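Have a look at the structure below, then the notes.
None of these values were measured; they are calculated from a predicted model.
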Amino acid sequence: QVQLVESGGGSVQAGGSLTLSCAASGLTVSRNCMGWFRQAPGKEREGVASIYTAGNSIYYSYYADSVKGRVTISQDNAKNTVYLQMNSLKPEDTAMYYCAARPGRCWSVGSRYEYNYWGQGTQVTVSS
């Protein structure tokens, strides 16, 4: 049974930073597409970033235009955990953030409908 458990959300002021974690069980973060999505009240769930790694030489990461340059997705295969480091946070980054997974390689962030597994989410609130 696949489980994804997010943590690290919280409240910060604009310009601050947060690092979200997604601990996976029942699948390996390596050789699977791991993504982060977010959903603000009244809005659609949108992709933030995705990552695919295989071995020591294959590493692909993708970012939504709205976060490019401010966000870094990474993973620790030994801990089977994916991270989302967010810097220069803006009030418009306020949302519930979800970790997601699907088999195979990522070719982009993708849409929510491409992912098979989801975590419960962690709230990020950015105040101005």
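- Between R70 and K90, some side-chain heavy-atom pair lies under the 4.5 Å cut-off.
- Inter-residue side-chain proximity for T28 and N77 is flagged as unmet; no heavy-atom pair is nearer than 4.5 Å.
- Interatomic distance, S11 OG to Q123 CD, rounded to the nearest 0.5 Å: 7.5 Å.
- Counting Ile, Leu, Val, Met, Phe, Trp and Tyr side chains that sit under 4.5 Å apart, directly or through other members, W118 shares a hydrophobic cluster with F37, M96, Y98, Y115.
- Without hydrogens or angle criteria, N87 side chain to S17 main chain gives no donor-acceptor distance under 3.5 Å.
- T94 pairs by the side chain to side chain donor-acceptor pair (under 3.5 Å) definition with nothing, not counting sequence neighbours.
- The side chain to side chain donor-acceptor pair (under 3.5 Å) check on K43 picks up nothing, with sequence neighbours excluded.
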- prompt: Are M86 and Y97 close enough, and set up right, to give a side-chain contact (heavy atoms from CB on, under 4.5 Å), and what steps lead you there?
  reply: CA-CA 12 Å; M86 303 187 293; Y97 283 71; 3.7 Å; yes
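- Sequence neighbours left out, not one pair with a member in residues 53-78 passes ring-ring contact (aromatic ring centres under 6.0 Å, His included).
- Geometrically, R105 engages W107 in a cation-pi contact, judged by NZ or CZ lying under 6.0 Å from the ring centre and within 45° of the ring axis.
- Distance check, rounded to the nearest 0.5 Å: CZ of R102 to OH of Y113 gives 15.5 Å.
- Using a 4.5 Å heavy-atom cutoff, the side chains of V29 and T81 are not in contact.
- Under the disulfide bond (SG atoms under 2.5 Å apart) criterion, the residue pairs touching residues 40-128 are C22-C99, C33-C106, with sequence neighbours excluded.
- Taking both residues in full, the closest heavy atoms of A54 and R31 are given as CB-NH1, 3.7 Å, listed atom of the first, atom of the second, then distance.
- When side chains are defined from C-beta on, M34 counts as touching L4, because their heavy atoms get closer than 4.5 Å.
- Using a 4.5 Å heavy-atom cutoff, the side chains of W36 and E6 are in contact.
- Within the 4.5 Å cutoff, side-chain heavy atoms of S30 are placed close to those of Q75.
- Using modelled atom types, one side-chain atom of T122 and one backbone atom of G9 make a donor-acceptor pair closer than 3.5 Å.
- Residue E92 qualifies as enclosed at atom CD: its count of foreign heavy atoms under 6.0 Å is above 12.
- Residues T125 and V12 have side chains not in contact (no heavy-atom distance under 4.5 Å, counting atoms from C-beta outward).
- Between L27 atom CG and N32 atom CG the span is 5.0 Å, to the nearest 0.5 Å.
- E46 places none of its side-chain heavy atoms less than 4.5 Å from the side chain of V109.
- Here the closest heavy-atom approach between residue P91 and residue S128 is recorded as CG-CB, 3.9 Å.
- Counting side-chain heavy-atom gaps under 4.5 Å among Ile, Leu, Val, Met, Phe, Trp and Tyr, Y83 is found in no cluster with other residues.
- Under the 4.5 Å side-chain contact rule for hydrophobic residues, V71 and L20 share a cluster.
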L84 vs V48, side-chain contact (heavy atoms from CB on, under 4.5 Å): CA-CA, chis, key distance, verdict: CA-CA 9 Å; L84 188 71; V48 176; 4.2 Å; yes
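- Between the CD atom in Q85 and the CD1 atom in I73 there is a gap of 12.0 Å [rounded to 0.5 Å].
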